[in-house]
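Notes follow once the structure below has been shown.
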Protein chains: 2
Amino acid sequence: MDLDLRKLRYFVTVADRLHFGRAADELHIAQPVLSRQIRALEQDLGASLFTRDRHGVELTDAGRQLLADAGPLLASTHAVRRRVSAAARGNRRLMVGFRAGIPVMPAARAFEDRHPDVVVDVQRIEGDNQAAMLLDGRVDVGYVRLPIDEAGLRVTPLYTEPRVAVLPAGHRFADKEEVTEADLAGEPLVWHGDPSTQPTKRPHPNAGYPVRGVDETLEHVAAGRGISFLARSASVFYSHPDVVYVPIPELAPDQVCLAVAASHTSLVVDDFVTAAQSTAEITAECGNYEMWQRGGDAVTRHA
Amino acid sequence: MDLDLRKLRYFVTVADRLHFGRAADELHIAQPVLSRQIRALEQDLGASLFTRDRHGVELTDAGRQLLADAGPLLASTHAVRRRVSAAARGNRRLMVGFRAGIPVMPAARAFEDRHPDVVVDVQRIEGDNQAAMLLDGRVDVGYVRLPIDEAGLRVTPLYTEPRVAVLPAGHRFADKEEVTEADLAGEPLVWHGDPSTQPTKRPHPNAGYPVRGVDETLEHVAAGRGISFLARSASVFYSHPDVVYVPIPELAPDQVCLAVAASHTSLVVDDFVTAAQSTAEITAECGNYEMWQRGGDAVTRHA
DNA sequence: CCCGGTGATGCCTTCAGGGTATCACCACAG
DNA sequence: CTGTGGTGATACCCTGAAGGCATCACCGGG
């Protein structure tokens with residue numbers, strides 16, 4: 001009758017490993033049990049999920065579909081647990097995640113004016129975990145930068161901001177007023193995020209070094225392992241003696257959005273989204289936040 | 001460990017009825033079983049969900065949070081079942097839902113050019129079921145009209161279109177070129193949708209008659225039970241001898257969006273969204289779809 | 001003070017989920 | 001050609017949770 005989430009979790013493990021024995025090992029159950037559970041799941045769904053021919057387990061079309069759906073589904077069950085526990089503790093906290101350089105406090109203050117009983121917590125998130133943090137409920141709402149996997153999320157565009165190139169101090173373009181993408185073509189790239197989550201979408205197809213967070217980016221660039229790109233506002237908060245920032249106006253601007261887990265039904269969250277939208281308009285248009293207005297053109301709001 | 005969806009479904013029933021005995025009856029299980037299952041769920045979540053004091057069961061804060069989350073979660077499990085079954089049948093179909101008057105075929109044709117192997121099915125949806133149809137997978141993608149409960153959905157705005165007032169033939173404004181909201185203030189309203197799903201958000205707070213679909217709306221208006229409002233394009237497809245349409249330019253325009261279940265991860269769906277966005281731009285701007293470009297006053301009237 | 005209706009408890013049965021031992025199959029080394 | 005290692009499937013048993021039935025504890029209204 002109801003989908004069995006335990007079997008679904010087992011399925012995900014088998015689908016990842018494509019090996020019953022090792023999957024069972026990881027799940028700390030015996031292999032025969034796993035075989036039976038998967039078969040039961042197949043019977044329940046009325047579809048075979050794996051082809052077990054000689055030497056090798058392979059996903060069927062149905063299996064691929066289930067694997068694609070299972071992740072968000074399991075994540076949202078975890079999110080439900082978190083939210084219920086929070087509500088049971090008489091939760092008056094809202095966890096707001098943000099990528100480096102995005103100002104959270106204006107929206108938080110506007111929000112706390114309307115909800116004096118709710119405490120806003122803020123927490124840094126990174127490109128490689130921003131979606132997961134939202135999906136499993138570790139943050140209620142997140143200021144994210146594109147690209148992001150929208151599956152399971154409600155994503156509201158806020159504004160865009162130009163990007164800067166991050167170059168080692170001795171770089172041949174380090175003294176330029178600005179650079180173009182063509183100038184830097186062929187340079188090895190220090191890219192932001194885990195290669196398994198965002199293998200495409202990087203500005204250059206070059207091999208390079210995967211990093212987490214702005215600090216690591218700066219260290220790698222300073223060490224001469226490559227160059228990188230940052231949203232301009234992020235560059236304001238981080239500096240390194242052996243690194244320089246050079247505007248690269250040609251590069252597509254960084255898009256800042258507000259994201260909420262699609263399963264997250266809460267008036268409090270909705271109110272924060274509203275507050276964030278109006279304060280984003282103010283920061284973008286009036287520039288009462290210094291770093292937005294630093295040099296160059298004002299940040300443009302994204303339609 | 002894993003959330004138990006059976007218990008969750010039981011919980012939803014109890015939370016709806018606020019009565020263990022009747023909930024058990026509806027679930028076709030014995031009442032003691034239900035009591036134990038709910039208690040087990042409370043223990044599993046580490047939170048009490050109901051206050052069972054004398055004469056009445058009441059939801060706690062945690063229970064309200066769980067009730068809000070449980071619906072989308074259970075719906076998405078049904079959606080997963082549907083999608084897996086579809087994939088197992090070697091599904092090459094895409095079910096597209098649409099509200100009355102929204103042209104689907106341009107996007108469907110553009111989509112089928114890119115996916116000759118996929119058959120696009122279209123299906124009418126209504127304001128009171130548009131979200132549910134998407135959430136439980138009965139349609140893969142939906143052309144919806146706002147307002148819609150965005151929980152569990154990814155909603156992409158497409159365009160807006162003006163609305164018309166729907167008046168009985170003998171109405172005092174039936175011969176006007178256009179009317180304003182103030183003109184019609186105080187008129188009883190035939191509103192679209194189930195009162196439990198959209199009790200707010202109607203243009204007027206008047207009492208009125210809930211209906212499903214455009215046909216019923218016209219019947220009620222023709223019978224003199226009230227007036228109503230429609231997107232202009234919807235009015236093109238439906239006529240009634242005793243009903244006239246009058247433009248009401250002042251009223252906020254109807255917003256047409258494309259919605260997808262947030263849990264629905266599929267390249268095919270993403271491609272349809274892309275196709276819909278570009279064709280929406282074309283229909284809105286170039287007017288190769290007649291009814292979109294009809295001049296504001298060219299709305300059809302029926303004496 | 002009893003009575004009807006509520007949800008909770010106690011006890012039993014059934015069956016799904018877990019374990020161990022083993023089989024059937026196949027590639028490959030000797 | 002045959003043994004061997006490694007794969008997933010099958011057989012069989014045990015435990016615990018879900019279900020049913022009977023009953024209790026509680027409380028408001030005659």
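This structure is a prediction, so every number in the text was calculated from the model and none was measured. Reminder, nothing fancy here: chain letters follow the sequence lines and each chain counts from 1.
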- So with a 6.0 Å cut-off around CZ of B:Arg22, is the heavy-atom count from everything else above 12? no
- Message: My understanding is that only residues two or more places apart in sequence, or in another chain, count here; which of them pass salt bridge (Lys or Arg N to Asp or Glu O under 4.0 Å) with B:Glu112?
- Response: none
- Note on the structure: Sorted by number, residues from residues 11-26 of chain B placing a heavy atom under 4.0 Å from DNA chain D are none
- Item | Main-chain N/O of A:Met95 paired with A:Gln123 side-chain donor or acceptor, under 3.5 Å | no
- Query: Backbone N or O of B:Phe272 within a donor-acceptor pair of the B:Arg114 side chain at under 3.5 Å?
  - Reply: no
- Message: Please find the pair of heavy atoms, one from A:Arg93 and one from A:Asp140, that lie closest to each other, and give the distance.
- Response: O-OD2, 4.3 Å
Between [atom2] of [N] and [atom1] of [X], the distance in whole Å:
{"X": "B:Arg52", "N": "C:dT9", "atom1": "CZ", "atom2": "C1'", "result": "14 Å"}
{"X": "A:Leu27", "N": "C:dG17", "atom1": "CG", "atom2": "P", "result": "14 Å"}
{"X": "B:Ile38", "N": "C:dA8", "atom1": "CD1", "atom2": "C1'", "result": "14 Å"}
{"X": "B:Leu49", "N": "C:dG7", "atom1": "CG", "atom2": "P", "result": "15 Å"}

Residues that [X] engages under side chain to side chain donor-acceptor pair (under 3.5 Å), provided they are two or more places apart:
{"X": "B:Asp25", "result": "none"}
{"X": "B:Asp69", "result": "A:Arg83, B:Gln65"}
{"X": "B:His78", "result": "none"}

- Heavy-atom protein contacts under 4.0 Å, nucleotides 10-21 of chain D, coded B base, S sugar-phosphate only, - none: B-B-----SBBB
